[in-house]
Amino acid sequence: MDSDDAKPGRHRAPVLQLYRELWHQAQGHRVALLGSMALLIGAQVVLLAVPYLVGRALNSLQARGNDGAGEAALWLAAVLGATLVSWLIHGPGRILERNVALSVRKRVATALTQRLLAFPLSWHDGNHSVASAHRVHQSSSSLGTFAENQFIYLRSVVRLIGPIGALIAIHPMVGATAALGLLAICGAVVGFDRAIVRLAIQTNDAERRYTAVLADALGNATSVLALRQARPFIRSLRQLVEKVFEPLRRMIVIIEIKWCAVDVASRLLSCCLVGLYAWLVLRATGDGQKLMFGNVYMVWEYALQSGAVVSAVASNFQTFATQYANYQSADVIRDHPVDASLSDPVQTRSWRQCEIRNLVFRHAAGREAGPTLDHVRLTLQRGKRYALIGGSGSGKSTLMRALAGLYVAERIELHAADDADPAAATRAPVDAARYLRGSTTLIPQEAELFEASLEHNLAMCESLHGQPDPGDYHRALELAAVKEFLPADADPLQVSIGEQASNWSGGQRARVALARGILAARGSSLVLLDEPTANLDARTEAAVYANLFAEFADACLIASVHRLELLRHFDEVLVMVDGRLVAQGSEAVLAQTSADYANLRASGLRQSDAGETEAVAEGAA
Ligand SMILES: Nc1ncnc2c1ncn2[C@@H]1O[C@H](COP(=O)(O)OP(=O)(O)OP(=O)(O)O)[C@@H](O)[C@H]1O
C-alpha cells in the first residue's frame with residue numbers, strides 16, 4: 001500500500017503537480033527518468049545550432065561571393081552533422097523514456113487497485129464498480145502518457161529558452177523583447193487553461209456516469225431484453241451523453257479562441273522581432289550594407305521558432321490541463337483513508353467459542369428507522385451448526401458480512417479466546433473486524449464468477465493459510481455437487497465460464513461458486529454460508545448441506561436457510577427480525593417458545609411439498 005498517495009498541495013498548477021506525481025511514481029526508475037530527460041534535452045540543444053550554421057553559410061556567401069562557397073559548404077555539412085548527432089542522442093532517450101512511462105503506468109494502476117481492494121465493503125456499496133475501474137484506467141494512463149511525452153515538453157522548453165538566448169546573443173534588445181512577448185502570451189495561455197481544467201473535470205464526471213450506466217445495460221442483457229428496458233436505457237444514455245457534451249461544447253469554443261489568440265500574437269511577435277532587428281542595425285550603422293542577410297535569417301528563424309514554441313506551449317498546457325484532470329479523477333480513491341490495520345495481512349485466529357454482544361451496524365445510505373443491525377448478541381461454538389432465518393431485509397446478509405469482518409461495526413463487543421490470545425479480550429470495532437477476518441470465511445449469496453476456465457475460477461481465492469492446493473479442486477467440486485454436470489469426456493477443470501457465468505444455469509453457477517468457497521473456507525473457525533444453495537433443488541441442496549457438515553465438522557457453521565425441512569439438521573436456529581436477533585435455540589425448543597419463529601414458519605420460510613420433504617431426507621442421509 002502506498003501511503004504517500006495522500007499528499008499535500010494537490011491543487012497546484014497542473015504541470016507542477018504532474019511532475020511531482022511523475023517523480024513520486026517513478027521511484028526505482030528515477031535515474032532512467034533523469035537520464036532520458038538529459039538525452040532528450042541534449043538532442044534539442046544540438047539542433048539549436050542549425051539556424052546559426054545556416055546563417056554563417058549565408059554570411060560567407062554574402063561577404064566573399066564565390067570565394068566563400070567552400071566555407072559555406074562546410075557550414076551546411078555541419079548542419080547535416082548536427083541533425084545526425086541529434087538523432088543519435090534522441091533515439092536512446094526516447095526508448096528510455098517510454099520504458100519509464102510503462103513502469104509509472106503500472107505502478108499507479110497497481111497502487112490504486114490495492115487501495116480499492118483494501119477499502120471495506122461499505123465503500124464498494126456506495127461506488128459503482130465500473131466508475132471506479134474507469135478512474136483507475138484514466139488516472140494511470142494519463143500519467144503514463146505524460147511520462148512518455150516528455151520529449152515534446154522538453155523540446156518546447158529548449159526551444160523556448162534557446163532562441164531567446166540566441167536572439168540575446170544577436171542583439172540584447174531583440175532578445176529581451178522576445179522574452180517579454182513570449183511571457184505575455186504564456187500568461188494568457190495559463191488563463192485559458194484554468195477554464196479548460198474546470199470543464200475537463202466536469203466532462204470526466206459525466207463520462208464516468210455514462211460508462212457506468214452503459215455497463216449496467218450491457219452487463220444485465222437478460223433483464224434489459226426480457227423486460228424491454230432497451231429504450232429506457234437508450235433514453236437515459238442520451239441524456240447522459242448530453243451531460244458529457246455540455247462542458248465539451250464550451251471547451252471547444254474556449255480552445256478555438258485560445259488558438260486564434262496565440263497564433264495571431266506569436267506571428268505578430270515574429271514580425272516585430274525581425275523589424276526591430278533591422279531597425280536597430282540600420283539606426284546604429286546607417287549603412288544598409290552592414291545588415292548581414294545571414295544575421296537577418298538567424299533572427300527570422302529564431303523568431304519563427306519562438307512563435308512555434310508559443311503554439312507548442314499552448315498545446316502542451318492544454319494537454320497538461322486534461323491530463324491533470326484525468327489524473328485527478330482517481331483522487332476519490334487516493335483521498336479515501338485506508339485503515340492500515342485492516343489492510344495489513346490478517347493474522348490467522350482459531351477459537352473454540354466466540355461471544356458477540358451489542359453489535360450495531362448502519363449502512364452509510366441507511367434507513368431512517370434505525371441501524372441495520374441493532375444490538376445483536378450471539379454465542380458461537382466450534383463444531384456447531386447454526387441456521388440463520390428471517391424475513392427479507394431483516395439483516396441476515398448484513399450480519400454475515402459483519403461477522404466476516406467485511407463491514408466494520410459501529411459498535412461491537414467481541415470475546416474470543418485462542419492460542420495466541422488465551423485471555424478472551426474485548427475488542428474495539430476495527431480490531432474486532434480484523435480478528436473476524438482472521439478466523440472467518442463468508443461464502444456469499446451472489447455467485448460472482450470470472451470469465452475464464454473452471455480451474456482459474458477455483459484458483460482465484462485464498463484460504464486463511466494461503467493459495468488452495470490444486471489437489472483439492474476435484475474434492476471441492478464433488479462436495480458442491482458440481483461434478484454431476486461437468487462433461488465426463490474432457491478435463492472438467494478446463495471447462496470455460498463466460499462473462500458472469502451466463503453460459504451456466506443459476507444453480508450450476510451457485511454450485512461452482514460454492515466449490516470455490518469450500519476451498520477458501522479451509523481452516524476457518526467460522527464458515528458463513530449466505531444462501532449459496534438457494535437456486536438448488538431440494539434433494540441437491542440437502543445433499544450439499546450433508547457434505548458441508550461433514551467437511552467443516554470442526555468449524556462453527558452459520559447458514560442462511562430458507563427451506564423449513566433443513567432446520568432440523570442444524571444444532572440451533574438464529575431468528576432475525578428487523579435487524580435484531582430475537583431468538584436462538586434448537587428448532588424443537590423454538591417451536592415451543594418463540595412467537596417470532598412461529599410467525600416465520602407460517603410466512604417467511606419455504607414449505608416444501610411432500611415429494612420435496614422426502615428428497616431432503618434422502619439428500620441429507
Ligand atoms: N448497501 C446497502 N446500503 C444501504 N442499505 C442496505 C444495503 N444493503 C442492505 N441494505 C438494507 O439493510 C437491510 C438488511 O438487508 P440484508 O441484505 O442484510 O437483508 P437480508 O435479510 O439478507 O434480506 P434477503 O433475505 O432479502 O436477502 C435492508 O433494509 C436493506 O435495504
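When a ligand or atom number is given, it counts from 1 through the structure's own listing order.
Here Glu207 does not pair with Lys243 in a salt bridge; the nearest charged N to carboxylate O distance is not below 4.0 Å. Salt-bridge check for Asp554 with Arg352: passed, with a basic side-chain N closer than 4.0 Å to an acidic carboxylate O. Electrostatic pairing of Arg568 and Glu587 does not count as a salt bridge here, judged by no charged N lying under 4.0 Å from a carboxylate O.
Using a 4.0 Å cut-off to heavy atoms of Gly391, the atoms of ligand 1 that qualify are 21 (O). Heavy-atom contacts of Thr372 reach the following atoms of ligand 1: 12 (O), 13 (C), 14 (C) (cutoff under 4.0 Å). Near Ser394, meaning under 4.0 Å from one of its heavy atoms, ligand 1 places the atoms 19 (O), 21 (O). Contact atoms of ligand 1 toward Thr398: 14 (C), 15 (O), 16 (P), 18 (O) (distance under 4.0 Å to a heavy atom of the residue).
Heavy-atom minimum distance, Cys461 versus Leu519: SG-CB, 4.1 Å.
At least one N/O-N/O distance between Lys396 and ligand 1 falls below 3.5 Å. The shortest N or O to N or O distance between Ser397 and ligand 1 is under 3.5 Å.
Using a 4.0 Å heavy-atom cutoff, Gly390 is absent from the residues neighbouring ligand 1. Within the structure, ligand 1 lacks Ser560 among the residues with a heavy atom less than 4.0 angstrom away.
Seen from the ring of Phe549, Arg385 counts as a face-on cation partner, given the 6.0 Å and 45° thresholds.
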After noting the C-alpha distance and the side-chain angles of Arg334 and Asp331, does the key distance pass the salt bridge (Lys or Arg N to Asp or Glu O under 4.0 Å) rule? CA-CA 5 Å; Arg334 291 190 192 93; Asp331 282 359; 3.0 Å; yes
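In the candidate list His363, His124, Met576, His363 is nearest to atom 11 (C) of ligand 1, counting heavy atoms.
Aromatic ring orientation, Phe119 versus His124: tilted (interplanar angle from 30° to 60°).
Contact annotation for Asp125 and ligand 1: only side-chain heavy atoms (C-beta onward) come within less than 4.0 Å of the ligand.
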